[in-house]
Enquirer: 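Please see the structure below; I have some questions.
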Amino acid sequence: MERTISVEVGKGSTNHNSRKFNAKNTDPEQTHLNTDFCNEKIKAVYHELFDNELARYNKKQKRSDRVIPDYYEHIVNRKQGKQFHEIIIQIGNREDTEADTEIGGQAEEALKEYYAGFQERNPQLRVFSAHLHMDESTSHLHIDFVPFMTSAR
């Protein structure tokens, strides 16, 4: 039987993804079946990715009001800023690929395989949070990342 594969851009709720709280559509008795691939603090990732360039930028500034003390806070406080992006990948739907079935287990393995090579396939997307959920009606994978560019000097 054929299955659909859907990739959706999510709003990004790292607290939901890491199960700091359980939404109505989750089964807390099945949460132990979830896989947490990574769950880093986003502020630390911003410092890792941007501190060196931020220091170079700030050093060039002639006006103190143009100095950015913390790039993460700068992005958070901008109206058009977005701290990170999220994609959600799902195989099938709740009618044909329920998480607690054999085909749901096959979807789980396929999603694990997809995640295993994600960072290598996407070197300009720094993944900081990734979770495979098996405690909802269908297995699906949340990948949260910060896009960045490097320059050759």
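Computed over heavy atoms, backbone and side chain alike; hydrogens, waters and symmetry mates excluded.
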Enquirer: To the nearest 0.5 Å, what is the distance between OH (Tyr114) and CD1 (Ile5)?
Expert: 9.5 Å

Enquirer: Please say yes or no: joined through hydrophobic side-chain contacts below 4.5 Å, possibly via intermediate residues, are Val127 and Ile87 part of one cluster?
Expert: yes

Enquirer: Can you confirm whether Phe37 sits close enough to Ile143 that some side-chain heavy atom of one is under 4.5 Å from a side-chain heavy atom of the other?
Expert: no

Enquirer: To the nearest 0.5 Å, tell me how far His140 NE2 sits from Ser6 OG.
Expert: 10.0 Å

Enquirer: Evaluate side-chain contact (heavy atoms from CB on, under 4.5 Å) for Glu53 paired with Tyr57, printing each intermediate quantity in order.
Expert: CA-CA 6 Å; Glu53 287 303 314; Tyr57 168 84; over 6 Å; no

Enquirer: Considering all heavy atoms of both residues, which atom of Asn39 and which atom of Ser129 are nearest to each other, and what is their separation?
Expert: OD1-OG, 3.8 Å

Enquirer: How many angstroms lie between OG1 in Thr31 and CE in Met134, if you round to the nearest 0.5 Å?
Expert: 12.0 Å

Enquirer: Within the side chain of Tyr46, is there an N or O that forms a donor-acceptor pair under 3.5 Å with the backbone of Gln83?
Expert: yes

Enquirer: Would you call Tyr71 and His74 a side-chain contact if the rule is heavy atoms closer than 4.5 Å?
Expert: yes

Enquirer: Check Tyr115 against Ala130 and note the closest heavy-atom contact, atom names and distance.
Expert: CE1-CB, 3.4 Å

Enquirer: Please determine whether salt bridge (charged side-chain N to carboxylate O under 4.0 Å, His left out) holds for the pair Lys43 and Glu48, giving the CA-CA distance in whole Å, both sets of side-chain angles, and the decisive distance to 0.1 Å.
Expert: CA-CA 9 Å; Lys43 281 186 177 186; Glu48 169 196 318; over 6 Å; no

Enquirer: Report yes or no: do Leu125 and Leu49 belong to one cluster of Ile/Leu/Val/Met/Phe/Trp/Tyr joined by side chain heavy-atom distances under 4.5 Å?
Expert: no

Enquirer: Taking the side chain as every heavy atom from C-beta outward, state whether Leu141 and Ile88 have any atom pair closer than 4.5 Å.
Expert: no

Enquirer: With a cut-off of 6.0 Å (strictly less than), are more than 12 heavy atoms of other residues, nucleotides or ligands near CG of Asn77?
Expert: yes

Enquirer: Does atom CD of Gln124 have more than 12 heavy-atom neighbours from other groups under 6.0 Å away?
Expert: yes

Enquirer: Might you confirm whether atom CD of Glu109 has over 12 heavy atoms from other residues, nucleotides or ligands at distances under 6.0 Å?
Expert: yes

Enquirer: Apply ring pair (Phe, Tyr, Trp, His ring centres under 6.0 Å) to residues Phe84 and Phe128 and explain how you reach the verdict.
Expert: CA-CA 9 Å; Phe84 68 94; Phe128 69 93; 5.3 Å; yes

Enquirer: Shortest non-hydrogen contact from Ala107 to Ser139?
Expert: CB-OG, 3.6 Å

Enquirer: Is there a side-chain contact between Leu132 and Glu108 in this structure, where contact means two heavy atoms from C-beta onward sitting under 4.5 Å apart?
Expert: yes

Enquirer: So how far is it from Gln106 CD to Glu102 CD, rounded to the nearest 0.5 Å?
Expert: 5.5 Å

Enquirer: Are Asp70 and His47 close enough that some pair of their side-chain heavy atoms sits under 4.5 Å apart?
Expert: yes

Enquirer: Is it the case that one hydrophobic cluster holds both Val45 and Leu54, taking links as side-chain heavy atoms less than 4.5 Å apart, direct or via other members?
Expert: yes

Enquirer: Can you check whether Phe145 reaches Glu86 side chain to side chain, under 4.5 Å on heavy atoms?
Expert: no

Enquirer: I'd like to know if the side chain of Asn34 and the backbone of Asp135 have a donor-acceptor N/O pair within less than 3.5 Å.
Expert: yes

Enquirer: Does Lys82, at its NZ atom, have more than 12 non-hydrogen atoms belonging to other residues, nucleotides or ligands within less than 6.0 Å?
Expert: yes

Enquirer: To the closest 0.5 Å, what do you measure between NE2 (His142) and CD (Gln90)?
Expert: 9.0 Å

Enquirer: State whether Arg126 and Glu40 are salt-bridged, where the test is any N-O pair (Lys NZ or Arg NE/NH1/NH2 against Asp/Glu carboxylate O) under 4.0 Å.
Expert: yes

Enquirer: With the side chain counted from C-beta on, respond yes when Asp96 and Ile103 share a heavy-atom pair under 4.5 Å apart, and no when they do not.
Expert: no

